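Working notes for the structure below.
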There are 2 protein chains.
Amino acid sequence: MKKNVLIIGAGGVAQVVAHKCAQNNDRLGDIHIASRTLSKCEAIIASVHAKSAMKQDGVLQAHQVDAMDTAAVTELIESTGAEIVINVGSAFVNMTVLDACIETGAAYIDTAIHEVPDKICETPPWYANYEWKKRDLCTEKGITAILGAGFDPGVVNAFARFAIDEFMDEVTSIDIVDINAGSHGKYFATNFDPEINFREFTGTVYSWQNGAWQENKMFEVGHEWDLPVVGKQKAYMSGHDEVQSLAVNYPQADVRFWMGFGDHYINVFTVLQNLGLLSEQPVTTAEGQEVIPLKVVKACLPDPSSLAPNYTGKTCIGDLVKGTKDGQPVEVFVYNVADHKEAYEEVGSQGISYTAGVPPVAAALLVADGTWDSKTMKNVEELDPKPFFTILDDIGLPTRVRQGDKDQAWNA
Amino acid sequence: MKKNVLIIGAGGVAQVVAHKCAQNNDRLGDIHIASRTLSKCEAIIASVHAKSAMKQDGVLQAHQVDAMDTAAVTELIESTGAEIVINVGSAFVNMTVLDACIETGAAYIDTAIHEVPDKICETPPWYANYEWKKRDLCTEKGITAILGAGFDPGVVNAFARFAIDEFMDEVTSIDIVDINAGSHGKYFATNFDPEINFREFTGTVYSWQNGAWQENKMFEVGHEWDLPVVGKQKAYMSGHDEVQSLAVNYPQADVRFWMGFGDHYINVFTVLQNLGLLSEQPVTTAEGQEVIPLKVVKACLPDPSSLAPNYTGKTCIGDLVKGTKDGQPVEVFVYNVADHKEAYEEVGSQGISYTAGVPPVAAALLVADGTWDSKTMKNVEELDPKPFFTILDDIGLPTRVRQGDKDQAWNA
């Protein structure tokens with residue numbers, strides 16, 4: 001049993017996490033939000049109060065912290081008495097925040113793999129480069145660390161585990177498909193931090209096929225998927241965090257990730273990348289100023305959180321899992337559909353932030369009540385998916401299963 | 001009679017100017033090159049010597065100068081004894097260099113209109129915002145200032161004057177068409193300073209039609225032209241310096257400028273502009289760094305001078321001038337065709353720099369021998385075009401005239 005939550009980060013996902021923690025503060029206790037910019041934390045707190053989201057009276061407090069500084073995070077965990085840390089800050093701070101949890105005994109939950117600013121696309125599996133190196137230490141010290149507990153990675157890892165456990169004896173392939181069929185009405189925008197968004201697609205596309213890591217280029221392999229609610233959608237094989245752990249846990253299966261892109265996104269991305277504007281390496285202007293182009297592109301693009309008020313349409317994210325059952329081929333699609341406008345009305349964020357921010361709160365609730373308080377480091381597919389789905393059903397992200405002509409709730 | 005030339009600037013156009021001055025140093029005297037970066041001047045001097053371009057032994061010297069500093073330019077003019085200044089530096093330094101010429105009595109020649117870094121597309125006619133305000137002072141002090149003596153503006157102004165004087169009683173329209181049918185083999189590059197290149201197309205497109213300034217957006221008005229050598233080419237109505245003076249000198253005529261663009265250029269430009277990456281106004285990155293996006297785009301693009309070695313194909317720039325002669329409609333196309341590879345072989349620059357850099361040297365030769373030493377400020381269409389064409393024929397940019405089925409040298 002653990003309580004009191006410290007949220008690291010104050011972007012669109014953190015806003016969802018804060019709202020959902022507030023809605024469940026009877027079970028989670030005190031809620032603290034910390035980021036480099038105090039005013040962003042305060043704005044989130046104001047938004048929680050504006051929606052009267054606190055289930056019961058309690059602590060909801062903003063803090064300034066440099067999350068790259070383990071000592072500062074350690075001190076904050078101690079001074080707030082937080083026993084659960086939800087890290088939804090930049091992907092660059094995972095290791096410093098994890099170290100602070102190991103130091104203090106707090107449980108650690110994040111939603112994306114650790115990244116180093118000047119490196120893109122390291123050797124797979126990426127988790128082995130940073131996070132997994134701390135697994136033995138977590139076990140030794142009894143630290144609960146749940147890696148990648150957003151939607152993808154996160155819920156999709158649980159979808160895979162569930163499909164395999166429930167429907168098959170052997171798994172042969174896991175295809176994760178992420179389609180945003182919504183519209184934000186801008187010329188161009190990314191749905192989360194442009195820097196992290198573009199970094200996903202500028203490196204080698206790693207997939208796990210035929211028992212080995214395969215390399216492709218971005219937009220090299222495309223496929224049209226026919227999905228519930230959003231219909232036929234073109235998606236492209238992309239590198240993604242969950243492939244990096246699912247391939248290790250299910251080495252016998254092909255594991256691929258597919259991200260939906262419209263032609264317009266691909267065109268803008270291609271122009272920017274070919275010009276070198278997505279580079280994380282500095283260039284020097286004629287005036288002698290050293291600048292990282294990607295950071296300038298980020299500064300020019302709309303703030304993802306500004307998209308929410310006018311965002312309409314739905315997302316569909318799911319896993320098509322294939323295998324055999326009693327020697328016969330079997331195929332199942334486990335998925336969720338979320339709605340941008342509904343998300344905005346509930347928590348003031350668009351659907352992409354919503355799908356990323358709700359699951360780590362579900363994970364926190366499972367840590368709080370002991371169900372997922374594993375005292376070691378786990379990726380989501382290594383944990384029981386059913387209590388996770390039960391909470392997600394309850395707090396906004398219901399899981400459905402399509403098999404042949406049947407399409408129903410996971411527990412129907 | 002004037003002699004000794006000071007070249008301001010050390011880019012691709014300055015390189016052409018230096019080579020051409022060196023090839024004619026028997027008539028021009030000492031040659032000095034000055035820019036912010038001494039090493040760029042020295043590289044140009046090395047390239048002149050590598051081609052043994054000096055017609056006779058003489059002075060060819062590099063200097064460091066901040067051309068935004070009138071006192072520094074004044075001192076340099078005095079210490080070098082230059083009586084002719086060819087300003088092919090950034091468009092931001094025109095007024096400071098002109099002031100230094102007025103101070104010292106040196107003749108001033110430039111190739112582009114003055115610009116202020118944080119302003120794009122001011123009220124037409126643009127020359128009236130800066131340069132023409134100094135005309136009375138030039139007259140009073142007997143200073144020769146020739147504005148816009150590159151190719152366009154410059155030679156195309158002389159083409160218009162020539163077509164009107166030789167072929168018609170009344171002019172009704174002047175359409176200047178600039179087509180680069182060459183290929184540099186890169187994904188994307190601009191043919192001269194990207195900052196200046198993009199600034200040309202991010203503002204309002206001003207044209208002079210029906211006796212008034214008309215406003216359009218870039219790429220709003222397109223037309224396919226059928227031109228000598230390069231054939232059928234799509235071009236778009238654009239704002240350009242020469243429209244700003246020709247409209248004042250020939251207010252009875254429609255005056256338009258058309259720049260050729262391929263679909264790929266338009267796509268890249270449109271993406272960059274819509275994202276705000278062509279803005280001359282600073283943005284602040286998440287890390288708090290203040291950056292001008294356009295300067296970062298410039299830093300990412302290929303240096304225009306790097307394109308020269310592999311540039312192939314031809315340019316065609318000319319004026320379609322329409323009017324009446326003895327009451328009958330008359331139409332004539334006065335033009336030049338230049339070749340990228342030939343330009344590189346002669347002076348180490350590509351054709352765009354060549355067409356821009358040769359004409360100011362022709363103007364300097366006409367100032368040196370007194371023909372164009374007007375002791376006041378002039379745009380090129382206010383000067384006799386024939387001696388200009390004669391020199392241009394001789395030094396690399398022959399003028400041709402197409403009328404109906406006839407296509408021949410201007411003086412055939």
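All values derive from a computational prediction rather than experimental measurement.
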Pick one of side chain, backbone, both or neither for [X], based on which atoms fall under 4.5 Å of a heavy atom in chain A.
{"X": "B/Gln281", "value": "neither"}
{"X": "B/Lys298", "value": "side chain"}
{"X": "B/Thr284", "value": "backbone"}

Residue from B/Asp110, B/Asn94, B/Thr111 passing side chain to side chain donor-acceptor pair (under 3.5 Å) with B/Asn87: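 Of all the options given, the one that passes is B/Asn94.
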Ignoring hydrogens and geometry, is there a side-chain-to-backbone donor-acceptor pair from B/His184 to B/Tyr311 under 3.5 Å?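 Not a single qualifying donor-acceptor pair exists.
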Just by distance, do the side chain of A/Glu287 and the backbone of A/Gln289 share a donor-acceptor pair under 3.5 Å?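 Looks like no, no N/O pair under 3.5 Å.
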Please classify the contact of A/Val283 with chain B as side chain, backbone, both or neither, using a heavy-atom distance under 4.5 Å.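 For A/Val283, the side chain is the part near chain B, not the backbone.
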For chain A, which candidate among B/Val297, B/Leu301, B/Thr37, B/Val291 shows the most heavy-atom pairs at distances under 4.5 Å?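 The residue among B/Val297, B/Leu301, B/Thr37, B/Val291 with the greatest pair count is B/Val291.
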Among the listed options B/Cys300, B/Ala299, B/Ala189, B/Gly276, the residue most often paired with chain A at heavy-atom distances under 4.5 Å: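 Most pairs with chain A among the choices: B/Cys300.
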For B/Glu75, is the CD atom crowded, meaning more than 12 foreign heavy atoms sit under 6.0 Å from it?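 Counting other residues, nucleotides and ligands, CD of B/Glu75 stays at 12 neighbours or fewer.
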In terms of heavy-atom pairs under 4.5 Å with chain B, which of A/Val296, A/Leu272, A/Asn274, A/Thr270 leads?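 The residue among A/Val296, A/Leu272, A/Asn274, A/Thr270 with the greatest pair count is A/Asn274.
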Below 4.5 Å, heavy atoms only, C-beta onward: do B/Lys217 and B/Val205 meet side chain to side chain?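 No, side chains not in contact.
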